[in-house]
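Structure record follows, encoded as structure tokens.
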Amino acid sequence: MDEPLIGVLLVDDHDMVAHALASALIAEGDFLVVGTARSTTEALVAVSEHRPQVVLLDLRLGDGDDSTAAIPEFLQRSPDSKILV
């Protein structure tokens with residue numbers, strides 16, 4: 001029986017980086033990219049909507065946000081998510 005795919009939300013303000021990460025994860029075969037976000041605000045909406053198993057979070061986003069400051073809110077919205085910075 002196949003294991004279920006691991007849902008990943010990618011948070012990065014560089015489209016090329018997000019695309020490369022998504023391609024690498026999909027090629028691995030064990031991951032499903034459930035969404036992408038370019039800012040902390042977008043990421044908070046996406047984590048609420050998708051409840052990913054993993055959030056792959058860029059440390060500094062283009063909107064000047066220190067994304068780590070939002071980790072408590074990510075976990076409040078999706079307590080079972082694991083956050084990788």
Side-chain angles (χ1 to χ4, degrees):
M1 184 169 175
D2 290 329
E3 293 289 321
L5 297 177
I6 298 167
V8 179
L9 172 66
L10 297 175
V11 183
D12 199 299
D13 57 326
H14 295 95
D15 291 334
M16 186 177 286
V17 172
H19 179 73
L21 288 170
S23 295
L25 290 170
I26 291 166
E28 184 65 31
D30 295 325
F31 301 96
L32 173 66
V33 177
V34 297
T36 60
R38 300 192 74 202
S39 69
T40 302
T41 303
E42 287 180 16
L44 289 168
V45 171
V47 83
S48 295
E49 182 179 330
H50 299 293
R51 306 239 182 220
Q53 291 164 288
V54 176
V55 177
L56 188 54
L57 184 62
D58 189 3
L59 179 61
R60 286 191 182 43
L61 298 169
D63 56 6
D65 287 347
D66 171 3
S67 59
T68 60
I71 289 175
E73 192 166 351
F74 286 130
L75 294 174
Q76 182 179 13
R77 293 176 183 220
S78 184
D80 295 329
S81 293
K82 306 299 182 219
I83 314 256
L84 298 173
V85 180

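Because only heavy atoms are used, hydrogens play no part in the values below, and waters and symmetry mates are left out as well, while side chains stay in. Nothing fancy with the numbering, it's 1 onward along the sequence.
Under the 4.5 Å side-chain heavy-atom criterion for grouping Ile, Leu, Val, Met, Phe, Trp and Tyr, F74 is not connected to L56 through any hydrophobic cluster. Cluster annotation: V85 and L75 are assigned to the same hydrophobic cluster (Ile/Leu/Val/Met/Phe/Trp/Tyr, side-chain heavy-atom contacts under 4.5 Å, transitive). Hydrophobic clustering, with ILVMFWY side chains joined whenever heavy atoms are under 4.5 angstrom apart, keeps I83 apart from V54.
Interatomic distance, E28 CD to I6 CD1, rounded to the nearest 0.5 Å: 9.5 Å. For the atom pair CG of L44 and CD of E49, the computed distance is 13.0 Å after rounding to the nearest 0.5 Å. The line from CG of L57 to OG1 of T40 is 7.0 Å long, rounded to the nearest 0.5 Å. D12 CG to R60 CZ: the interatomic distance, rounded to the nearest 0.5 Å, is 13.5 Å.
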Legend entry - CA sep, side-chain torsions, deciding dist, call: L9, V47, side chain to side chain contact (heavy atoms under 4.5 Å, CB included): CA-CA 7 Å; L9 172 66; V47 83; 4.2 Å; yes
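Checked against side chain to side chain contact (heavy atoms under 4.5 Å, CB included), L5 has the following partners two or more places apart in sequence or in another chain: L32. E73 is linked by a salt bridge (Lys or Arg N to Asp or Glu O under 4.0 Å) to R77, counting only residues two or more places apart in sequence or in another chain.
A distance-only check finds a donor-acceptor pair linking the side chain of S67 to the backbone of D58 [under 3.5 Å]. Put simply, the side chain of Q53 gets close to the backbone of G7: a donor and an acceptor are under 3.5 Å apart. Under a 3.5 Å cut-off, the side chain of S78 and the backbone N or O of S48 do not form any donor-acceptor pair.
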Run the side-chain donor-acceptor check on residues 15-27: report pairs under 3.5 Å with partners two or more places apart or on a different chain.
unit_1	atom_1	unit_2	atom_2	d
D15	OD1	R38	NE	3.2
S23	OG	H19	O	3.0

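Here the closest non-hydrogen pair linking S39 and V11 is O-CG1, 4.2 Å.
V55 has its side chain out of reach of L84: every pair of non-hydrogen atoms, C-beta onward, lies at least 4.5 Å apart.
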